[in-house]
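Report on the structure given below.
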Amino acid sequence: MTFQPIDYAFFQQPTLSLAPALLGKLLVKETEFGTASGWIVETEAYIGPEDRAAHGYGNRRTKRTEVMFGPPGYAYTYVMHTHCLMNVVSGEIGHPEAVLIRALEPCSGFDLMYQRRGKVKKELELTNGPGKLTKSLGIVKEDYGRGMFEYPLFIADGKEVGSIAVGPRIGINNSREAVHYPWRFWVEGNPFVSK
DNA sequence: CGCAGGATCCGCT
DNA sequence: GCGGATCCTGCGA
């Protein structure tokens with residue numbers, strides 16, 4: 001199964017517009033072992049420098065956050081504990097903004113995903129969390145800085161989604177007022193949403 | 001150079 | 001529900 005990367009212009013929209021627009025799109029990763037992909041069903045927006053939960057809060061510019069200060073459409077990967085998390089850089093050049101991919105509905109490459117996830121037996125457990133989906137697709141920190149409009153890691157057109165739900169983000173309990181920002185978006189009723 | 005703190009996951013209670 | 005695993009990163013001394 002082959003997929004076509006989306007046009008670069010797709011990434012040129014405000015972060016709070018791009019985050020819900022990514023729902024229903026396909027996230028695809030090709031490796032020497034094969035291709036795996038899934039429909040995006042849950043995203044979160046992180047908008048520095050005002051957002052306490054964002055890594056770019058206060059315009060913190062380091063080797064890790066550097067890619068977020070560049071043009072949109074590039075991958076911002078980083079390691080959390082023992083897991084790799086995947087973001088799409090968004091917003092204007094000079095603004096540290098990104099969209100975290102929190103959950104997918106598996107589309108292709110099931111054998112590869114089960115193999116990479118080891119003990120997992122249920123399809124539901126393959127990609128229903130930000131650390132799980134990167135492991136299933138084989139996304140690693142070395143993908144940092146890749147363009148998401150070209151092979152081997154890219155966004156492709158997917159399918160229409162029904163209604164989109166909005167709410168506060170997850171796992172950012174130390175972020176004071178930012179805890180309540182309604183910057184999490186998900187496909188209503190989709191079982192793969194991490195919750 | 002040391003250490004504290006995570007945008008998480010999994011297994012056990 | 002809770003805590004441990006485990007690994008950088010970022011910052012202060």
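Here is the naming used below: chain letters follow the sequence lines, and residue numbers restart at 1 for every chain.
- You'll find the ring centres of A:Y8 and A:F10 outside the 6.0 Å limit.
- Between the CD atom of A:E44 and the P atom of B:dT8 there is a distance of 8 Å, given to the nearest Å.
- In the set B:dC10, C:dC8, B:dT8, C:dC8 carries the atom at the smallest distance from any side-chain atom of A:K141.
- In the region residues 76-91 of chain A, proximity to DNA chain C at under 4.0 angstrom, judged on heavy atoms, holds for A:H81, A:T82.
- Rounding to whole angstrom units, CD1 of residue A:I172 and P of B:dG6 are separated by 12 Å.
- Relative to the ring axis of A:F69, A:R61 places its NZ or CZ within 45° and under 6.0 Å from the centre.
- Cation-pi contact between A:R169 and A:Y46: present, with separation from the ring centre below 6.0 Å and deviation from the ring axis of at most 45°.
- Across all strands shown, A:L100 has heavy atoms under 4.0 Å from base atoms, whether or not it also approaches the sugar-phosphate.
- Contact record, A:R116 with A:S136: NH1-O, 3.0 Å, taken as the closest heavy-atom pair.
- Checking B:dA7, B:dG11, C:dG10 against the side-chain heavy atoms of A:K119 singles out B:dG11 as nearest.
- Neither side chain, A:T65 nor A:R60, offers a donor N or O lying under 3.5 Å from an acceptor on the other.
- One can place CG of A:L124 at 15 Å from C1' of B:dC9, the figure rounded to the nearest angstrom.
- With B:dG11, B:dG6, B:dC9 as the candidates, the nucleotide lying closest to the side chain of A:N174 is B:dG6.
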> What pattern of brackets, bars and dots sums up DNA chain C from 5' to 3', given Watson-Crick or G-U wobble pairs under 3.5 Å, [ ] for crossing pairs and | for another strand?
Replying inline: |||||.||||||.

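- Among the heavy atoms of the strands lying under 4.0 Å from A:R117 are primed sugar atoms or P, OP1, OP2 only; no base atom is included.
- A:E105 and A:N190 share a side-chain donor-acceptor pair at under 3.5 Å.
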N/O contacts under 3.5 Å, protein versus nucleotides 2-4 of chain B?
none

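- Put simply, CZ on A:R61 is 13 Å from P on C:dG10, counting in whole angstrom units.
- For A:R102, a side-chain nitrogen or oxygen approaches OP1 or OP2 of B:dT8 to under 4.0 Å.
- Distance, A:E125 CD to B:dC9 P: 10 Å, rounded to whole Å.
- Counted by atom type alone, A:E142 and A:Y144 present zero donor-acceptor pairs between their side chains at under 3.5 Å.
- Rounded to an integer number of Å, the gap from OH of A:Y144 to P of C:dC8 is 15 Å.
- Between the side chains of A:E97 and A:S90, no donor-acceptor pair is found at a separation under 3.5 Å.
- Residue A:K132 has a polar side-chain atom (N or O) positioned under 4.0 Å from OP1 or OP2 of B:dC10.
- The NZ-C1' distance, from A:K122 to B:dC10, rounds to 13 Å in whole Å.
- Considering all non-hydrogen atoms of both residues, A:V120 and A:Y114 come closest at O-CD2, 3.5 Å.
- Annotation: cation-pi pair A:K25/A:W39 absent, no NZ/CZ under 6.0 Å from the ring centroid and within 45° of its normal.
- As a whole-Å value, the separation of A:R52 CZ from B:dA7 P is 14 Å.
- Taking CG of A:L100 as the reference point, atom NE2 of A:H55 lies at 9.0 Å (rounded to 0.5 Å).
- Residue-level contact check: A:R169 touches neither bases nor backbone, having no heavy atom under 4.0 Å from any strand.
- Under 4.0 angstrom from either OP1 or OP2 of C:dG10 there lies at least one side-chain N or O belonging to A:R64.
- In the displayed structure, A:E50 atom CD is contacted under 6.0 Å by at most 12 heavy atoms of other residues, nucleotides or ligands.
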